[in-house]
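Start at 1 and go down the list; that is how both ligands and their atoms are numbered.
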Amino acid sequence: MNSRRVSKPIQIGRVTIGGGAPIVVQSMTKTDTRDIMSTVTQIKELEECGCQVIRVAVPDAESAQAIKAIKQGVSLPIVADIHFDYWLALMALEAGADGLRLNPGNISQPKKVSIIAQAAKERGVPIRIGVNAGSLPKTVSKSTIAEQMVDAALNQISLLESLDFDLIKVSLKAFDVPTTIEAYQSIASKIPYPLHIGITESGTRRRGVIRSAVGIGTLLYQGIGDTIRVSLTAHPREEVIAAYEILKSLNLRQHGPVLVSCPSCSRAEVDIIKLAEKVEEKLLKITKPVRVAVMGCVVNGPGEAKDADVGLACGKGKAILFKKGKKVGVIKEKDFITTLMREVERF
Ligand code: SF4
């Protein structure tokens, strides 16, 4: 794995992004921002599963003003997602937004960007230049989408720098994974700012998690990326869970348990798929970094999962309980989950 690209750090509220800080997990609310109670409830739920920065859509004045009340009900830093109307960014700043996301595809006039940058600078609020392949500025025209995305970001960066504004974060998202990777690889060596990485509109839980894991995972492996958002057509809790799974797969963050489960085969004498799914559900409530294994047979189970802190190697009607690859007891099928979870709690 490549060493991490070290960027100029910025602060989104109390959260540091870049500068070698741990990679930050973000998500976006899917409530109507004007519905303050629902939005606060969703943000609190996301915070419980580990979300560190939350973005809210700001399509109108009422949404921008709602940020003030939302902030009173939550502790996560809030980023206002702004498109088209520069004055919404000003209203969101006035309401206390901790960060702004601007799309250079629809807010690019120097005068408007300058007014936003001035107001953001006064409050020490960073701006994410959020380039999206689906809404590129019309002025840029190079051969590939990745190059156009990079150009759009560089133009906006130059404009902000000319205004003496450097609280910048950049994202270059496309649905196409190779395009996204190329764009981030290209810009990573050209700018000193932190990168927010993700695959846009990646799809439903099953497909979107795979696209995101391939795209985000490839970039992270190359040392690129300071904060991630997994965009899914699903409840945002799934985005946060997927984000941590990506980070844990690359040993970049520890967050809650890691579940090791065998794929099952003809040696298995229990329904290992059902059992592993039940254990996975139970583990969602555990926050400590414990490695748990659910294996389908006593022959290969403990050996295959020798790095697990605690695990089950199942046989017909019973299972061997093992810790760190060593057998420590035998339990009955009716006690599989309760015993395993008790050991996880104890660990
Ligand atoms: Fe098959 Fe046993 Fe390996 Fe599971 S642990 S895949 S049941 S050999």
Side-chain angles (χ1 to χ4, degrees), residues 1 49-50 177 199 202-218 220-221 228 230 232 234-235 237-347:
M1 187 148 85
C49 51
V177 174
I199 302 297
S202 65
T204 52
R205 193 164 79 157
R206 183 176 290 179
R207 290 174 180 79
V209 166
I210 294 170
R211 292 188 79 81
S212 297
V214 172
I216 294 172
T218 302
L220 291 175
Y221 189 80
I228 68 175
V230 176
L232 296 179
H235 191 284
R237 148 185 3 102
E238 302 299 334
E239 299 187 353
V240 176
I241 293 169
Y244 278 106
E245 288 304 320
I246 294 169
L247 292 171
K248 288 194 292 187
S249 320
L250 291 166
N251 302 329
L252 287 167
R253 292 278 310 254
Q254 282 197 332
H255 181 83
V258 170
L259 176 61
V260 181
S261 58
C262 83
S264 191
C265 71
S266 69
R267 283 199 188 90
E269 291 183 291
V270 296
D271 186 343
I272 198 72
I273 298 170
K274 204 179 269 175
L275 179 63
E277 281 174 358
K278 277 190 195 157
V279 171
E280 183 179 46
E281 196 60 38
K282 295 266 180 201
L283 291 176
L284 284 175
K285 295 186 180 68
I286 307 289
T287 53
K288 66 180 110 175
V290 53
R291 187 176 281 252
V292 181
V294 176
M295 309 300 283
C297 76
V298 292
V299 184
N300 294 336
E304 285 181 10
K306 58 182 178 303
D307 294 332
D309 297 310
V310 54
L312 292 179
C314 304
K316 199 176 176 68
K318 58 188 177 182
I320 290 172
L321 177 68
F322 62 92
K323 293 184 188 173
K324 298 277 184 194
K326 291 206 169 61
K327 298 170 190 176
V328 294
V330 176
I331 53 176
K332 291 189 183 141
E333 189 163 356
K334 67 176 177 47
D335 301 324
F336 279 1
I337 292 179
T338 45
T339 306
L340 183 68
M341 292 311 296
R342 196 177 59 228
E343 292 300 326
V344 168
E345 295 279 1
R346 272 188 194 156
F347 188 78

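The side-chain heavy atoms of I272 and M295, taken from C-beta on, include no pair separated by under 4.5 Å.
Annotation for ligand 1: atoms under 4.0 Å from non-hydrogen atoms of R267 are 8 (S).
If you check which protein heavy atom lies closest to atom 2 (Fe) of ligand 1, you get C297 SG, 2.4 Å. When hydrogens are left out, the protein atom nearest atom 8 (S) of ligand 1 is N300 ND2, 3.3 Å; that is the closest non-hydrogen contact. For atom 5 (S) of ligand 1, the closest non-hydrogen atom of the protein is E304 OE1, 3.4 Å. Counting only heavy atoms of the protein, atom 1 (Fe) of ligand 1 lies nearest to C265 SG, 2.3 Å. Counting protein heavy atoms only, atom 4 (Fe) of ligand 1 is closest to C262 SG, 2.4 Å.
The backbone of S264, and not its side chain, has at least one atom closer than 4.0 Å to an atom of ligand 1 (non-hydrogen atoms only; backbone = N, CA, C, O).
Looking at E269, its side chain never comes within 3.5 Å of a backbone N or O of G315 through a donor-acceptor pair. With hydrogens and angles disregarded, no donor-acceptor distance shorter than 3.5 Å links the side chain of K282 to the backbone of T338. A donor-acceptor pair is defined here as one N or O able to donate and one able to accept, closer than 3.5 Å; such a pair exists between the side chain of K288 and the backbone of E345.
Distance check: D335 CG to L312 CG gives 10.5 Å after rounding to the nearest 0.5 Å.
Note on K323 versus D309: no salt bridge recorded, every NZ/NE/NH1/NH2 to OD/OE distance being 4.0 Å or above.
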